[in-house]
Amino acid sequence: MNPTLRPLPNKDRETPIYLKLASILVAVIATVYILFVLRETIIPLAFSVLLAILLHPVCTWLERHRVPRIGAILLSILALFVVLVVLIYVVSIQIGSFAEELPRITEKAETILDQTLTMGERYLNISRSQQVSEAKKYMINALSEGRAVLLNTLVTTTGAISTFILIPLYIFFLLLYRHFFRRFIHKAFKSVPNDQLNLLLKKIYEVIKSYLSGLFLVILIVGVLNSIGLLILGIPHAIFFGFLAGFLILIPYIGILIGSVLPALLSVVTMDSPWYAVGVIGVMSFVQFLEGNFITPNIVGSKVSVNPLAAIVALFLGGQLWGLAGLILALPVTAILKVIFDAIPSLEPFGFLLGEPVHEVAEEQAEMRKEEQETREFKKKPYRKYRNKPRKKADGPGGQLPAVSPEG
């Protein structure tokens with residue numbers, strides 16, 4: 001059963017409904033505005049919280065082996081840094097080998113372009129000069145729009161990099177003061193018992209930890225399956241593109257589709273038949289079907305029980321609010337909100353709305369059965385107690401019972 005926070009006393013129960021709705025709307029708008037304005041600070045802090053939760057088991061394991069807390073935290077951050085450096089090195093090697101084939105790819109692309117112009121001239125009665133002029137016009141428009149997008153992206157990325165440098169520092173203090181933050185939550189919610197708060201924090205921690213650890217395992221499995229499929233088709237750099245599509249699972253539901261575009265385009269340019277591109281899309285679509293229906297549900301489990309519709313809406317909202325970082329953070333943030341909503345009676349319907357229908361209905365039926373069982377036991381208990389209670393005999397004159405002192 002989900003932990004339930006005790007509701008705060010409502011001093012004004014006669015507040016009109018429209019004032020409540022207006023105050024909620026103002027609070028939501030103010031929250032969204034603050035999240036957007038302070039995104040350069042909040043986004044690195046959000047990633048730091050997720051990475052701190054991911055490194056917490058490593059840190060506690062080192063502390064159990066008599067490593068001082070500061071040393072354990074520094075070793076955990078160093079291990080994360082080494083993993084990232086190795087990944088960047090492997091990606092750079094693959095990009096370098098891919099760049100060596102650019103002349104062959106360019107030559108094949110020119111051949112395909114010439115064939116396309118010939119087909120347009122033969123079947124559509126459009127001259128080559130007209131096709132080239134139209135293509136140049138669309139290309140110029142695309143470059144002008146892309147230049148503005150690129151400039152905006154560079155400005156945003158430069159500001160983000162300067163704040164992302166603080167992520168190791170954030171992680172260090174989050175792990176160092178983890179008990180201090182727990183005490184702060186206890187003091188901030190004095191009206192709620194500490195055991196209920198601890199249960200809620202534990203559930204949030206388990207949700208995020210299971211999501212992150214399961215996500216990395218899913219990336220590994222999907223990357224291997226994609227690479228095997230591309231190797232069978234004979235696509236160049238199959239392992240690189242297979243694991244690239246696997247890492248794009250960080251953008252749920254649409255990431256692996258984006259990752260299938262690059263190898264499909266490469267197969268059109270480098271292979272002899274366009275059917276290879278169809279095969280690439282078919283392989284990655286099949287892997288995505290396995291990932292969504294079998295791999296992720298069995299590995300991540302039901303702890304991150306957010307229904308697909310809520311996840312898709314959260315993805316669009318996160319993308320509009322924080323861009324690529326919002327797409328990555330959308331699902332774990334939604335899972336945290338669901339845990340908090342389930343724990344607050346007034347917000348429990350929203351938690352039910354975010355959850356998986358089958359899981360939520362089954363949990364609700366289990367709670368109803370438990371309540372009915374408790375009600376039946378409560379009704380039987382007084383009769384059982386009365387039946388088993390020994391009857392006292394009258395003692396003393398007049399058949400009266402002797403007086404019993406209050407202490408007795």
Side-chain angles (χ1 to χ4, degrees), residues 2-3 42-88 90 164-186 194-224 243 246-247 249-252 291 295-306 325 328-340 342-343:
N2 292 327
I42 297 176
I43 290 174
L45 189 58
F47 278 108
S48 301
V49 172
L50 296 181
L51 293 175
I53 292 175
L54 182 66
L55 294 178
H56 179 258
V58 180
C59 186
T60 54
W61 181 83
L62 291 173
E63 290 179 10
R64 284 198 301 267
H65 288 75
R66 299 182 180 181
V67 178
R69 173 167 294 185
I70 295 179
I73 296 172
L74 292 177
L75 288 176
S76 303
I77 296 175
L78 179 62
L80 177 64
F81 179 75
V82 170
V83 171
L84 292 177
V85 168
V86 171
L87 289 176
I88 293 173
V90 173
F164 268 75
I165 296 176
L166 298 175
I167 285 182
L169 188 63
Y170 289 153
I171 295 174
F172 177 82
F173 285 111
L174 287 172
L175 291 175
L176 183 64
Y177 296 146
R178 55 184 183 267
H179 298 302
F180 174 77
F181 294 131
R182 182 186 295 271
R183 292 296 303 162
F184 162 74
I185 294 176
H186 290 170
N194 290 342
D195 55 347
Q196 294 185 8
L197 284 176
N198 291 333
L199 188 60
L200 177 63
L201 293 175
K202 182 180 179 182
K203 188 166 185 179
I204 293 175
Y205 171 77
E206 289 177 351
V207 165
I208 300 304
K209 187 178 70 173
S210 63
Y211 172 76
L212 293 176
S213 59
L215 183 62
F216 281 104
L217 185 56
V218 168
I219 288 174
L220 180 62
I221 295 174
V222 171
V224 171
F243 278 93
F247 275 106
I249 289 180
L250 291 171
I251 307 174
E291 180 267 332
I295 300 175
T296 298
N298 290 323
I299 293 178
V300 177
S302 60
K303 292 184 178 181
V304 189
S305 55
V306 177
I328 297 173
L329 293 170
L331 193 55
V333 170
T334 306
I336 293 175
L337 289 177
K338 183 189 180 307
V339 174
I340 296 175
D342 287 339

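Each residue takes its place number in the sequence, starting with 1.
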Next item on the list: Could you tell me which non-hydrogen atom of V207 sits nearest to which non-hydrogen atom of A335, and how far apart they are?
Entry: CG1-CB, 3.7 Å
Note to self: Would you say OH of Y205 has more than 12 non-hydrogen atoms from neighbouring residues, nucleotides or ligands within 6.0 angstrom?
What the structure shows: yes
Checklist line | I70, CD1 atom: more than 12 neighbouring heavy atoms under 6.0 Å | finding: no
Next item on the list: Determine whether F243 and V90 make a side-chain contact, defined as any pair of heavy atoms from C-beta on separated by less than 4.5 Å.
Entry: no
Checklist line | Nearest heavy atoms of L50 and I208, plus distance in Å | finding: CD2-CG2, 3.6 Å
Next item on the list: Check whether any side-chain heavy atom of R69 sits under 4.5 Å from a side-chain heavy atom of L175, and report yes or no.
Entry: no
Notebook entry, point to check: Quick one: does R182's side chain get under 4.5 Å of L197's, heavy atoms only?
Noted result: no
Check: In Å, rounded to the nearest 0.5 Å, how long is the span from CD1 of I336 to CG of L331?
Finding: 10.5 Å
Margin query: Within this structure, what is the CG-CG distance for the pair L80 and L84, rounded to the nearest 0.5 Å?
Written below: 4.5 Å
Check: About how many Å separate CG of D342 and CG of L337, when rounded to the nearest 0.5 Å?
Finding: 11.0 Å
Note to self: Is the shortest side-chain heavy-atom distance between F47 and I43 below 4.5 Å?
What the structure shows: yes
Next item on the list: Describe, in one word, how the ring planes of F181 and Y177 are oriented to each other, choosing from parallel (under 30°), tilted (30 to 60°) and perpendicular (over 60°).
Entry: perpendicular
Item checked: Interatomic distance, L54 atom CG to Y211 atom OH [nearest 0.5 angstrom] -> 12.0 Å
Item checked: Over all atoms of both residues, closest heavy-atom pair of I165 and P168 -> O-CD, 3.2 Å
Check: Which pair of non-hydrogen atoms, one from V222 and one from G246, has the smallest distance, and what is that distance?
Finding: CG1-CA, 4.1 Å
Next item on the list: Please examine the side chains of L199 and D195, heavy atoms only from C-beta on, and report whether any two atoms are closer than 4.5 Å.
Entry: no
Checklist line | Side-chain touch I204/I340, heavy atoms, less than 4.5 angstrom | finding: yes
Notebook entry, point to check: Can you tell me how far CG of L201 sits from CZ of R178, rounded to the nearest 0.5 angstrom?
Noted result: 14.0 Å
Next item on the list: Check for a donor-acceptor pair, side chain of R183 on one end and backbone N or O of F180 on the other, with a separation under 3.5 Å.
Entry: no
Next item on the list: Tell me, please, which residues at least two apart from A72 pass side-chain contact (heavy atoms from CB on, under 4.5 Å).
Entry: C59, L62, E63, V67
Check: What pair of heavy atoms forms the shortest contact from S48 to Y170, and how long is it?
Finding: OG-CB, 3.2 Å
Check: Just wondering, do K209 and H56 contact through their side chains at under 4.5 Å, heavy atoms?
Finding: no
Check: Closest heavy-atom contact between L55 and I171?
Finding: CD1-CG2, 4.0 Å
